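Notes for the one structure printed next.
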Amino acid sequence: MDSIIVRGNGPLKGQIPIAGAKNACLTLMPATLLSEEPLTLTNAPRLSDIKTMSELLGSLGAEVTSLQDGKVLAMSSHDINNHIADYDIVRKMRASNLVLGPMLARLGHAVVSLPGGCAIGARPMDLHIHGLEALGAQIELKDGYLHAQAPKGLKGAVIELAFASVGATENILMASTLAKGTTVIKNAAREPEIVDLATCLRAMGAQIDGDGTSEITIQGVDRLHGATHPVVADRIELGTYMLAPAFCGGEVELLGGKMHLVKSFVEKLEMTGIHVEETKAGLKVARRGARVQAVDITTEPFPGFPTDLQAQMMALLCTAEGTSVLEEKIFENRFMHAPELVRMGASIEVHGGTATVHGVEQLKGAPVMATDLRASVSLILAGLAAEGETIVSRVYHLDRGYERVEEKLGNVGAHIERVKDT
Ligand code: UD1
């Protein structure tokens with residue numbers, strides 16, 4: 001398995017282009033299953049998770065062609081000849097469960113393995129199941145697979161989610177575009193990736209209102225047609241790279257970055273003493289003062305502080321002046337980066353879903369292990385601010401969610417290299 005070596009760095013300077021959002025692309029791709037006509041996505045990110053989703057869609061009979069070095073995905077689901085999403089593919093990535101709603105709506109049946117994904121908590125699928133059942137599906141769990149059918153087709157319903165789950169909102173939204181009548185999703189997730197999915201579905205002929213609010217209304221249609229849709233910018237990649245100059249000093253412009261995607265994150269970043277400004281091309285971030293200041297963080301569904309930026313923010317706060325308290329409210333086991341940061345000299349106490357970080361003056365390089373996607377990038381950022389060399393191993397998690405990380409950070413002056421496993 002490849003490793004990444006990072007050496008403590010001076011100030012960074014330059015521009016980093018932000019890719020299309022992994023999490024948006026992973027829900028837009030299964031939308032191809034809803035129509036016999038082609039769906040083309042532009043601004044797709046080049047990531048291993050995207051390859052996994054292509055493999056999964058291919059196994060169902062869809063064609064996925066990667067064009068322009070992976071930035072364009074041309075998909076066709078004209079001939080869906082398999083309705084079983086196999087464990088061997090699904091276990092690699094939780095987002096595989098997003099084929100369930102579209103297959104059920106288009107074919108009237110689907111068999112989908114329960115997913116794997118990052119080891120950050122139980123991540124059950126009860127909300128997806130209840131929502132699809134409310135639309136008239138019958139779902140049974142057998143041998144680790146969800147067996148779903150809707151022999152009489154799906155029928156619109158009012159569904160109130162017990163929690164604003166991103167994946168459940170996406171599955172129900174996709175399924176209900178082809179259901180008979182009106183569906184209302186209450187307490188729906190409001191993430192920009194949901195808005196992006198709804199925008200794409202509308203381009204395919206779906207009738208959807210209220211996306212981006214907690215109540216989405218869908219008027220079912222008989223069929224969806226083809227479309228071309230650009231994937232929204234990745235707000236998590238954006239936030240991650242906005243932190244790079246906060247760690248090392250200097251000034252970096254994030255091309256394609258949009259403030260509305262990262263507002264709550266920016267509010268906290270500014271409280272640490274980092275300067276953020278909007279430019280014509282994106283967002284510019286500068287650290288001018290000496291040490292960042294402590295700040296308390298609570299993760300919440302959008303528009304709150306994103307759980308996917310918690311690990312990276314914790315890494316920054318390790319060297320802040322003062323004590324920061326981080327509360328993780330979305331996943332029950334998402335502090336696995338803390339013991340690795342402690343190996344680099346950080347002072348962190350974890351009690352359940354709360355981590356208390358006492359800022360130290362300086363982190364020290366160490367061999368560390370990436371335990372999940374966002375944890376792995378937090379260790380790279382910490383390495384940039386540490387004295388000496390940090391070796392981050394097991395970086396396959398990183399390749400799931402960050403395209404060409406060593407190139408993007410290297411281009412703004414970071415000392416970072418990948419060591420290929422031989
Ligand atoms: C998506 C993102 C992930 C992000 C998360 C929260 C993708 C591919 N992934 O994951 O990067 O961290 O949103 O912003 O878009 N839950 C249940 N029952 C369910 C579904 C979820 O209890 O049926 C719980 C989960 O265990 C978790 C919480 O709800 O504790 C949030 O999950 P959810 O919003 O569904 O996240 P994902 O869609 O899996």
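All values below were derived from every heavy atom in this structure, side-chain atoms included, with hydrogens, water molecules and symmetry-related copies excluded. Residues: numbered from 1 along the sequence shown. These figures come from a predicted structure and were not determined experimentally. One-based numbering, in listed order, for ligands and for the atoms of each.
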Pull out every atom of ligand 1 sitting under 4.0 Å from any heavy atom of [X], numbered as shown with elements.
X	answer
Asp308	3 (C), 4 (C), 11 (O), 12 (O)
Thr307	6 (C), 12 (O), 14 (O)
Asp126	17 (C), 18 (N), 19 (C), 22 (O), 23 (O)
Phe163	28 (C), 29 (O), 31 (C)
Ala95	8 (C)
Arg334	12 (O)
Arg94	20 (C), 39 (O)
Pro124	17 (C), 18 (N), 19 (C), 20 (C), 21 (C), 22 (O), 23 (O), 26 (O)

**Study point:** Option among His260, Glu193, Glu191 that satisfies the side-chain hydrogen bond (donor to acceptor under 3.5 Å, both in side chains) test with Arg235
**Key:** Glu193
Under 3.5 Å, is there a donor-acceptor pair between the [X] and [Y] side chains?
X	Y	answer
Thr299	Gln310	no
Thr279	Glu253	yes
Tyr402	Thr240	yes
His78	Glu63	no

Check your understanding: Taking the six-membered ring for Trp, are Phe265 and Phe305 parallel (under 30°), tilted (30 to 60°) or perpendicular (over 60°)?
Key ->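 Correct class here is tilted.
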Point to revise | Side-chain ion pair, Lys329 and Glu300, N-O less than 4.0 Å | key: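 Glu300 and Lys329: not salt-bridged.
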Check your understanding: With a 4.0 Å cut-off, would you call Arg394 and Asp399 a salt bridge?
Key ->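 So Arg394 does not pair with Asp399 through a salt bridge.
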Any N/O pair [X]/ligand 1 closer than 3.5 Å:
X	answer
Ile330	yes
Ser165	yes
Val166	yes
Phe331	no

Review point. With a 4.0 Å cut-off on heavy atoms, is Glu193 touching ligand 1?
Key: no
